[in-house]
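Only this structure's heavy atoms are used, side chains among them; waters, hydrogens and symmetry mates stay out.
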There are 2 protein chains.
Amino acid sequence: MDAALKALAEPRRREIVRLVWSEELPATAIAARFSEVTRSAISQHLGILREAGLVHERKEGTRRLYRSNHHEMARLRAYLDDYWTTGLERLRDVAEAAEAQRESRDGRTDT
Amino acid sequence: MDAALKALAEPRRREIVRLVWSEELPATAIAARFSEVTRSAISQHLGILREAGLVHERKEGTRRLYRSNHHEMARLRAYLDDYWTTGLERLRDVAEAAEAQRESRDGRTDT
DNA sequence: TACTAACGTAAGTGTCAACTGACAGAGAGG
DNA sequence: CCTCTCTGTCAGTTGACACTTACGTTAGTA
């Protein structure tokens, strides 16, 4: 899960995931979209994405077709949603409520 | 924006943001929560988070109080939400609709 | 002034990541 | 078999990053 987030922190890889989201594409076709880097670099990016479980790989003859792993992407999204809400907003509410209680009860506290 | 995502790809920094989400804390207090690394490391993490605009810094005497920048966090969240929906799901819908049209029109296509 | 607490920061190190260029294997077609 | 295409991978370079140690700075205090 941590690997997935780290993988998507790279703009190039976010773009790759975007490319193969709705279309299954061979490695060469994916690499062709990136004129700034070599095919080798894209191949390595694909390896990282596959390792992180963000893309699926399917062999067909001499080609390897890639497509996004929607399920894993959904998991990552859920993880982040949990981070925003449970981890932060809700924590803030709890803290504020607790502080309000402390203030109205003791007027001062620590820890 | 990209710096923010990259900053949050680091687990330690995610934890820091969590710590100062509801409470404004001095650097020392934050560092005290992390027994595995030195105060210097945390200070550098705080610098990166500040650079990415994810935390606010306020000087008070000899101390520096930190707290999360909710606004920037919301922006990042919106950016990701846009990535999931507009960038992916919607794109998939469009692609699937187009493919369905192609199939019912030609019966077969490539590229 | 001298001392101390709270910080940031420079310097140095080990590790990891992105990239290029060269090479190897696998499958298709002559 | 030979050749061409598609593709992963290895070797090597460069730069970024997380971390530690040491030092400098600033503000409060005796």
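Under the 3.5 Å distance criterion, the side-chain polar atoms of A:Arg14 are matched with a main-chain donor or acceptor of A:Leu8.
When B:Arg13, B:Arg50, B:Glu72, B:His45 are each tested for a side chain to side chain contact (heavy atoms under 4.5 Å, CB included) with B:Val55, only one passes: B:Arg50.
Between B:His45 and the phosphate of D:dC17, there is no side-chain N or O to OP1/OP2 separation shorter than 4.0 Å. Distances shown here put every side-chain N or O of B:Tyr66 at or beyond 4.0 Å from the OP1 or OP2 atom of C:dC7.
Across the protein-nucleic acid pair, A:Arg63 atom CZ and C:dG29 atom C1' stand 15 Å apart, rounded to whole Å. When the C1' atom of D:dT9 is taken as reference, atom CD1 of A:Ile48 falls 13 Å away, rounded to whole Å. When the P atom of C:dG8 is taken as reference, atom CG of B:Leu49 falls 12 Å away, rounded to whole Å. Rounded to an integer number of Å, the gap from A:Glu51 CD to C:dA17 C1' is 14 Å. Here the C1' atom of nucleotide C:dA5 and the CZ atom of B:Arg64 are 14 Å apart, to the nearest Å. Distance CD (B:Glu57) to P (C:dG8): 6 Å, rounded to an integer number of Å. Taking atom CD on B:Glu10 and atom C1' on C:dA17, their separation rounds to 14 Å, with Å as the unit. A:Leu25 has its CG atom 14 Å from the P atom of D:dC6, to the nearest Å.
With sequence neighbours left out, the side-chain hydrogen bond (donor to acceptor under 3.5 Å, both in side chains) criterion links A:Glu36 to no other residue.
For CD of B:Glu51, the number of neighbouring non-hydrogen atoms (other residues, nucleotides, ligands) closer than 6.0 Å is 12 at most.
For B:Arg50 and A:Ile42, each mapped to the nucleotide of DNA chain C holding its nearest heavy atom, the one lying further toward the 5' end belongs to B:Arg50.
Between B:Tyr83 and A:Met73, some side-chain heavy-atom pair lies under the 4.5 Å cut-off. Considering only heavy atoms from C-beta on, A:Leu19 comes within 4.5 Å of A:Phe34 through its side chain.
Residue B:Thr28 has its side chain nearest to C:dA6 when only D:dG8, C:dC19, C:dA6 are considered. For B:Lys6, the side-chain atoms get nearest to D:dA16 when compared with the rest of C:dC16, C:dC19, D:dA16.
Contacts of B:Phe34 with the nucleic acid, taken as non-hydrogen atoms under 4.0 Å apart, are absent. Across all strands, B:Leu46 comes closer than 4.0 Å to no nucleic acid atom at all (heavy-atom distances).
Applying the salt bridge (Lys or Arg N to Asp or Glu O under 4.0 Å) test to every pair with at least one member in residues 37-46 of chain A, sequence neighbours left out, gives no pairs at all.
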Exercise. Classify every nucleotide of nucleotides 20-30 of chain D by which part a protein heavy atom approaches to under 4.0 Å, writing B for the base, S for the sugar-phosphate alone and - for neither, in 5'-to-3' order.
Key: BB-----SS--
